[in-house]
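Below is one structure, written out as structure tokens; comments come after it.
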Amino acid sequence: MNDSGLTHFDEQGQAIMVDVSGKTETHRTAVASGLIKVSQPVFEAIRQGTAAKGDVLGVARIAGIMAAKNTSSVIPLCHPLPLSKCSIDFELLEAECAVKAIATVKVTGLTGVEMEALHAVSVALLTIYDMCKAIDKRMEISDIHLDKKSGGKSGEFIR
């Protein structure tokens, strides 16, 4: 680690993959969420399952799980992790005309799964956009954040 406290840079300021070899293996969990605000026609197509491309939330769920499993191939300094769980849940928020995506990711390992949870939510929401853009391209993805994490040296975090 360098003087700034940032773990992904060495003393010379070079980007590095953090050495986790001295860490203890622990059970780690991360939960992240985000929103996609949509028009009423898009919301109804999602709710009723009538989007031309098919089951929007079903496909978005699989895309989110695949994203979590492949995070290290997209985020350069992430460690590849053998995930023990990844679930993607959705809440239809009628009053906001939005869909909330929630990713829960677990691993028993040397490093956390926050990036995997955040990546899963991002890709799930992007998949909803992709599947519904023929209806309306004005959808807005927002509020992607870590809700909570547990395990590891830094312990528990709750937003």
Side-chain angles (χ1 to χ4, degrees), residues 8 17-18 20 23 25-159:
H8 285 88
M17 187 178 209
V18 175
V20 297
K23 289 185 170 186
E25 202 170 75
T26 61
H27 299 293
R28 299 162 185 263
T29 302
V31 178
S33 63
L35 293 175
I36 184 164
K37 296 177 185 172
V38 300
S39 65
Q40 193 63 43
V42 170
F43 189 83
E44 289 306 319
I46 292 170
R47 180 177 22 211
Q48 296 173 12
T50 58
K53 289 188 175 183
D55 177 9
V56 173
L57 299 183
V59 173
R61 179 175 288 109
I62 296 301
I65 292 168
M66 290 176 64
K69 291 169 39 176
N70 290 293
T71 299
S72 66
S73 67
V74 178
I75 309 294
L77 301 178
C78 283
H79 293 81
L81 298 175
L83 303 182
S84 54
K85 174 187 176 153
C86 179
S87 64
I88 312 292
D89 296 303
F90 298 101
E91 294 177 12
L92 295 176
L93 307 174
E94 191 163 6
E96 294 95 12
C97 207
V99 179
K100 181 177 183 178
I102 304 126
T104 303
V105 183
K106 293 183 179 183
V107 71
T108 299
L110 303 174
T111 189
V113 287
E114 295 95 315
M115 294 308 299
E116 286 74 9
L118 289 162
H119 189 219
V121 163
S122 299
V123 171
L125 294 172
L126 286 167
T127 301
I128 293 170
Y129 185 98
D130 179 53
M131 293 191 69
C132 297
K133 68 183 185 261
I135 302 168
D136 188 352
K137 292 174 181 52
R138 292 174 292 173
M139 294 171 275
E140 292 180 24
I141 295 172
S142 65
D143 300 320
I144 297 171
H145 59 271
L146 182 67
D147 291 310
K148 59 185 173 180
K149 61 97 41 198
S150 63
K153 188 172 79 171
S154 66
E156 189 169 6
F157 165 82
I158 298 175
R159 185 175 190 79

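Worth knowing before you read on, the calculation uses all heavy atoms, side chains too, and leaves out hydrogens, waters and symmetry mates.
Under a cut-off of 6.0 angstrom, the local environment of CD in Glu140 is sparse, with at most 12 non-hydrogen atoms contributed by other residues, nucleotides or ligands. Within 6.0 Å of CE on Met66 lie no more than 12 heavy atoms contributed by other residues, nucleotides or ligands. Counting non-hydrogen atoms of neighbouring residues, nucleotides and ligands closer than 6.0 angstrom, the NE2 atom of His27 reaches no more than 12 such neighbours.
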Distance-only donor-acceptor hits, side chain of residues 42-49, under 3.5 Å, sequence neighbours excluded:
unit_1 : atom_1 : unit_2 : atom_2 : d
Glu44  : OE1    : Gln48  : NE2    : 2.9
Glu44  : OE2    : Gln40  : NE2    : 3.0
Glu44  : OE2    : Arg47  : NH2    : 2.6
Arg47  : NH1    : Glu94  : OE1    : 3.3
Arg47  : NH2    : Glu94  : OE2    : 3.3

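Taking every heavy atom of both residues into account, Val113 and Val105 meet most closely at CG2-O, 3.3 Å. The minimum heavy-atom distance linking Asp147 with Ala32 is given by the pair OD2-C, 3.5 Å. When all heavy atoms are compared, the tightest approach of Ile88 to Ala103 is CD1-CB, 3.7 Å. Closest non-hydrogen pair, Leu81 versus Gly112, comes out as CD1-O, 3.4 Å. Between Cys86 and Gly64, the shortest heavy-atom distance links the atoms SG-O, 4.5 Å. For the pair Leu57 and Phe90, the tightest heavy-atom approach, listed with the atom from each and the gap, is O-CE1, 3.4 Å.
Judged by distance alone, the side chain of Arg28 and the main-chain N or O of Leu110 form a donor-acceptor pair under 3.5 Å. With Lys149 contributing its side chain and Gly151 its backbone, the two residues share a donor-acceptor pair below 3.5 Å. In this structure, the side chain of Lys53 does not engage the main chain of Ala134 through any donor-acceptor pair within 3.5 Å. For Thr104 (side chain) and Ser87 (main-chain N/O), no donor-acceptor pair under 3.5 Å exists by modelled atom type. Within the 3.5 Å criterion, the main-chain N or O of Ser150 finds no donor-acceptor partner in the side chain of Thr29.
To the nearest 0.5 Å, atom CG of residue Asp55 and atom CD1 of residue Ile62 are 9.5 Å apart. Atom CG in Leu125 sits 8.5 Å away from atom OG in Ser142 (nearest 0.5 Å). Expressed to the nearest 0.5 Å, how far CD1 of Ile158 lies from CG of Leu146 amounts to 10.5 Å. Atom OG of Ser33 sits about 10.5 Å away from atom NZ of Lys148, to the nearest 0.5 Å.
Proximity of Val38 to Asp136: side-chain heavy atoms (C-beta onward) are nowhere separated by under 4.5 Å. Taking the side chain as every heavy atom from C-beta outward, Lys69 and Leu83 approach each other to under 4.5 Å.
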Task: Trace of the side-chain contact (heavy atoms from CB on, under 4.5 Å) decision for Thr108 with Glu25 - done: CA-CA 6 Å; Thr108 299; Glu25 202 170 75; 3.8 Å; yes
- [ ] Verify side-chain contact (heavy atoms from CB on, under 4.5 Å) between Ile141 and Leu35, making sure each step is shown before the conclusion.
- [x] CA-CA 6 Å; Ile141 295 172; Leu35 293 175; over 6 Å; no
Task: Test log, rule salt bridge (Lys or Arg N to Asp or Glu O under 4.0 Å), inputs Asp143 and Lys100 - done: CA-CA 9 Å; Asp143 300 320; Lys100 181 177 183 178; over 6 Å; no
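Residues that satisfy the side-chain hydrogen bond (donor to acceptor under 3.5 Å, both in side chains) test with Thr71, not counting sequence neighbours, are His119.
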